[in-house]
J.: 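Dropping the structure in here first, questions after.
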Amino acid sequence: MGGDSAGGGLATAVALMARDRGGRALCFQYLGVPMLDNRMETASMRVFTDTTVWNRPIAEICWSHYLGGEGMSYAQRLVQAGVTTELHLYPGTFHGSAGLPGAAISQAMLAGVLDGLQRGLRVRSAA
C-alpha cells in the first residue's frame with residue numbers, strides 16, 4: 001500500500017481502515033511526502049510560503065478540501081506500535097521537490113525511496 005502526496009494520505013487512511021476493521025495485515029506501506037498534517041505547524045510549512053510547485057497557500061487550499069492526521073507523528077506512532085518504520089528527512093527541500101530531476105538532492109531522494117521499497121518488500125516477502 002503506498003502513495004505520494006495526497007496518495008500517501010489515502011494510503012494511510014486505507015491502512016488504518018484495514019487495521020480498524022480487522023482486515024488483512026499489510027506487508028508494506030510506502031508514504032512519499034504524505035499529506036497528513038492539516039495543522040501545518042511544521043518548520044517547512046512556516047518557511048516555504050512562496051516556493052513553486054508546493055507552498056503554504058497551496059496546502060491551505062488543499063486542506064480546505066479534505067482533512068487528515070499527522071506526518072512525522074504517524075511515523076512515531078508506527079514505531080511505538082512495533083511496526084518496522086523508516087523516516088527520511090531531506091532538509092532544505094519542499095513538497096514535490098523530488099520532481100526536479102536535475103537536482104542532486106532529488107536524485108538522492110529517489111535513490112532512498114527505491115532502496116527502501118526494495119528492502120521493505122524483500123523483507124516482507126521472505127517472512
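Only heavy atoms go into these numbers, but all of them, side chains included; no hydrogens, no water, no symmetry mates.
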J.: Tell me which pairs pass salt bridge (Lys or Arg N to Asp or Glu O under 4.0 Å) where either residue lies in residues 85-102, with sequence neighbours left out.
T.: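 Listed once each, the pairs are Glu86-Arg119.
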
J.: Share the residues that join Leu10 in a hydrophobic cluster, the rule being Ile, Leu, Val, Met, Phe, Trp or Tyr side chains under 4.5 Å apart at the heavy-atom level.
T.: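 For Leu10, no cluster forms, as it stays isolated from other hydrophobic side chains.
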
J.: Going by the salt bridge (Lys or Arg N to Asp or Glu O under 4.0 Å) test, which pairs reach into residues 94-104, not counting sequence neighbours?
T.: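 Output for this query is empty, none listed.
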
J.: What is the distance from atom CD of Glu60 to atom CG of Asn55, rounded to the nearest 0.5 Å?
T.: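 Interatomic distance, Glu60 CD to Asn55 CG, rounded to 0.5 Å: 9.0 Å.
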
J.: Checking one residue: Ile105. Which other hydrophobic residues are in its cluster under the side-chain 4.5 Å linking rule?
T.: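 Via sub-4.5 Å side-chain contacts, Ile105 links to Tyr90, Met109.
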
J.: Working to the nearest 0.5 angstrom, can you tell me the gap between Met40 CE and Thr42 OG1?
T.: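 Here the rounded value is 9.5 Å.
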
J.: Any idea which heavy atoms bring Pro57 and Thr49 closest together, and the distance?
T.: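 Nearest heavy atoms, Pro57 then Thr49: CD-O, 3.4 Å.
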
J.: Transitively linked via ILVMFWY side-chain contacts under 4.5 Å: Val33 with Val113?
T.: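 Unlinked, Val33 and Val113 end up in two clusters.
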
J.: Under a 4.5 Å cut-off applied to non-hydrogen side-chain atoms, are Val79 and Thr85 in contact?
T.: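 Yes, at least one pair of side-chain atoms sits under 4.5 Å.
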
J.: Rounded to the nearest 0.5 Å, what separation is found between the OG atom of Ser44 and the CG atom of Leu89?
T.: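 Ser44 atom OG to Leu89 atom CG measures 9.5 Å (nearest 0.5 Å).
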
J.: Main chain of Pro101, side chain of Ser106: is a donor-acceptor contact present, judged purely on distance under 3.5 Å?
T.: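 Between the backbone of Pro101 and the side chain of Ser106 there is no qualifying donor-acceptor contact (under 3.5 Å).
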
J.: So how far is it from Leu100 CG to Gln107 CD, rounded to the nearest 0.5 Å?
T.: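 Atom-to-atom, Leu100:CG and Gln107:CD are 11.0 Å apart.
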
J.: How long is the straight-line distance from OG1 of Thr12 back to CD of Gln29, given to the nearest 0.5 Å?
T.: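 That separation rounds to 5.0 Å.
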
J.: Measure across Gly9 and Pro34 and return the closest heavy-atom pair with its distance rounded to 0.1 Å.
T.: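 Where Gly9 meets Pro34 most closely, the heavy atoms are N-CB, 4.3 Å.
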
J.: With sequence neighbours excluded, give me every salt bridge (Lys or Arg N to Asp or Glu O under 4.0 Å) pair touching residues 87-111.
T.: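 Qualifying pairs, neighbours excluded: none.
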
J.: Nearest 0.5 Å, please: how far is CG in Asp115 from CG in Leu110?
T.: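 Nearest 0.5 Å value for the CG-CG distance: 11.0 Å.
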
J.: Identify the two heavy atoms, one from Ala59 and one from Met35, that lie closest to each other, and give their separation to 0.1 Å.
T.: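 Here Ala59 and Met35 meet closest at O-CE, 4.1 Å.
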
J.: So which pairs with a foot in residues 6-20 pass salt bridge (Lys or Arg N to Asp or Glu O under 4.0 Å), sequence neighbours left out?
T.: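 Counting only pairs at least two positions apart or across chains, no salt bridge (Lys or Arg N to Asp or Glu O under 4.0 Å) contact touches residues 6-20.
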
